[in-house]
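Along the sequence shown, residues carry numbers from 1. Values below: all heavy atoms of this structure, side chains included; hydrogens, waters and symmetry mates excluded.
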Amino acid sequence: MTDHSTPITIAVDGYSSSGKSTMARRLAATIGYRYIDSGAMYRAVTLYALDHGMIAPDGTPDTDAITAALPDIHIDFEVQPDGSPQHTMLNGVDVESEIRRLRVSNAVSPVAAIPQVRRALVEKQKAFGAGGGIVMDGRDIGTVVFPDARLKIFVDASPETRAQRRFKELMEKGAAVSYEDVLANVVHRDKIDTTRADSPLRKAEDAVVLDNSHMTVEEQDAWLLNLFNKIISE
Ligand code: DC
C-alpha cells in the first residue's frame with residue numbers, strides 16, 4: 001500500500017507538439033506538483049548557441065564551442081506571480097518567448113543530439129526531481145532521466161495533427177509561417193529525435209501510451225488525472 005502523502009515522479013514523453021507539455025503542466029497544477037519542461041532547457045542552450053555564433057548557417061552546431069560554454073549556461077524556471085505558466089530563464093534573462101520561435105525550433109534537434117549537452121541537462125533535470133512531486137515532460141524522461149518514475153506516459157499523435165496544433169499556436173502569436181513549413185519542421189525533428197545515437201525518443205517499456213489525436217484538452221486532463229489517482233491508490 002502506497003502512502004498517499006508521498007509525492008511520486010511523473011514522466012511524460014512524446015513527439016514534438018504532441019500536447020505533452022500542456023497535459024503535464026495542467027496535471028502538475030491540479031495535483032500541486034512542480035512542472036519542468038525539459039525541452040525548454042534544450043531550447044535555451046540552442047538560443048545561447050545561436051546568439052554566440054555557435055551554429056553554422058546550415059544548422060550544424062559547433063559541438064566543441066557549445067560543450068566549452070556549458071558551464072556558462074545557467075537555466076532556471078521562474079514562477080509567475082499571476083499564476084500563469086512559469087518562464088524559462090537563461091542566465092537570469094526571461095527567454096520564454098524567444099525559445100519558442102521557429103529560429104530556435106529549427107536549430108534545436110542537432111543541439112539536443114550532442115551527448116555533452118544531454119549529460120549536463122540530464123544532471124540538472126535529475127536535481128530538479130530529487131524530492132519527487134514533479135511532472136517532467138520531454139523525450140527521454142521515462143527512459144533516461146527518471147527510469148524509476150511511478151507513472152510514465154508516452155504521448156502520440158499523427159505528424160499532421162501535431163503540425164496543425166503548432167501552426168494554430170504560431171498564428172495566434174502572429175508569426176508569419178506556413179502550415180507546410182511547420183509540418184516540415186515537425187517531421188524533420190521527429191526524424192532527428194528518434195534516430196540520434198544518444199537517448200533517442202522511444203517509449204519506455206512500462207509507459208502508458210496515449211494517442212490524443214482526437215481528444216480535447218479536457219478529455220486528456222481527465223484521462224491523466226484518473227490514471228494518477230489509480231496509481232497513488234495502489
Ligand atoms: O519538446 P520540445 O519541442 O520543446 O523539445 C525541443 C527539442 O529538444 C526537440 O528537438 C527534442 C529535444 N528534447 C530532447 O532531446 N530531450 C528532452 N528530454 C526534451 C527535448
When clusters are formed by joining ILVMFWY residues with side-chain heavy atoms under 4.5 Å apart, either directly or through shared neighbours, do [X] and [Y] land in the same one?
X: Val117; Y: Leu47; result: yes
X: Met136; Y: Val108; result: yes
X: Ile134; Y: Leu151; result: no
X: Val104; Y: Ile192; result: no
X: Val12; Y: Leu201; result: no

Original post:
Take atom NZ in Lys173; do more than 12 heavy atoms of anything else shown fall under 6.0 Å from it?
Top reply: yes
Is it the case that more than 12 heavy atoms not belonging to Glu205 sit under 6.0 Å from its CD atom?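 No, the 6.0 Å shell around CD holds no more than 12 heavy atoms from other groups.
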Minimum heavy-atom separation for [X] to [Y], with atom names?
X: Thr9; Y: Gly132; value: OG1-CA, 3.8 Å
X: Gln125; Y: Phe146; value: O-CZ, 3.5 Å
X: Ala149; Y: Ala11; value: CB-CB, 4.1 Å
X: Met54; Y: Ala69; value: CE-CB, 3.8 Å
X: Ala204; Y: Lys152; value: CB-CD, 3.9 Å
X: Arg139; Y: Asp193; value: NE-OD2, 3.3 Å

Hits for ring pair (Phe, Tyr, Trp, His ring centres under 6.0 Å) against His52, two or more places apart or cross-chain, chain-then-number order -> Tyr48
For the residue pair [X] and [Y], establish whether any side-chain heavy-atom pair is separated by less than 4.5 Å.
X: Glu172; Y: Phe167; value: no
X: Pro200; Y: Thr194; value: no
X: Asp137; Y: Ile36; value: no
X: Lys203; Y: Val209; value: yes
X: Ile232; Y: Ile31; value: no
X: Glu160; Y: Tyr179; value: yes
X: Ile8; Y: Ile231; value: yes
X: Tyr15; Y: Val155; value: no

Between [Y] and [X], is there a salt bridge with N-O shorter than 4.0 Å?
X: Arg166; Y: Glu169; value: yes
X: Lys230; Y: Glu234; value: no
X: Glu123; Y: Arg119; value: no
X: Asp13; Y: Arg202; value: no

Give a yes or no answer on whether the side chain of [X] reaches the backbone of [Y] with a donor-acceptor pair at less than 3.5 Å.
X: Ser84; Y: Gln80; answer: no
X: Thr161; Y: Ala157; answer: no
X: Asn229; Y: Leu225; answer: yes
X: Gln220; Y: Thr22; answer: no
X: Asn91; Y: His74; answer: yes

Exercise. Run the numbers on Arg103 and Asp51 for salt bridge (charged side-chain N to carboxylate O under 4.0 Å, His left out), then give the verdict.
Key: CA-CA 11 Å; Arg103 167 179 179 245; Asp51 288 349; 2.7 Å; yes
Inset, instruction - Would you list the pairs meeting ring pair (Phe, Tyr, Trp, His ring centres under 6.0 Å) in which at least one residue belongs to residues 182-234, sequence neighbours left out? - result: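 Listed once each, the pairs are Tyr33-Phe228.
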Residues Asp140, Arg118; criterion salt bridge (charged side-chain N to carboxylate O under 4.0 Å, His left out); working and verdict:
CA-CA 10 Å; Asp140 60 342; Arg118 302 205 67 81; 2.9 Å; yes
message = Applying the side chain to side chain donor-acceptor pair (under 3.5 Å) criterion to Arg162, which one of Asn212, Asp190, Asp156 satisfies it?
response =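 With Arg162 as partner, Asn212, Asp190, Asp156 yield a single side chain to side chain donor-acceptor pair (under 3.5 Å), made by Asp190.
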Only residue of Arg43, Glu78, Glu96 satisfying side chain to side chain donor-acceptor pair (under 3.5 Å) with Thr88 is Glu96
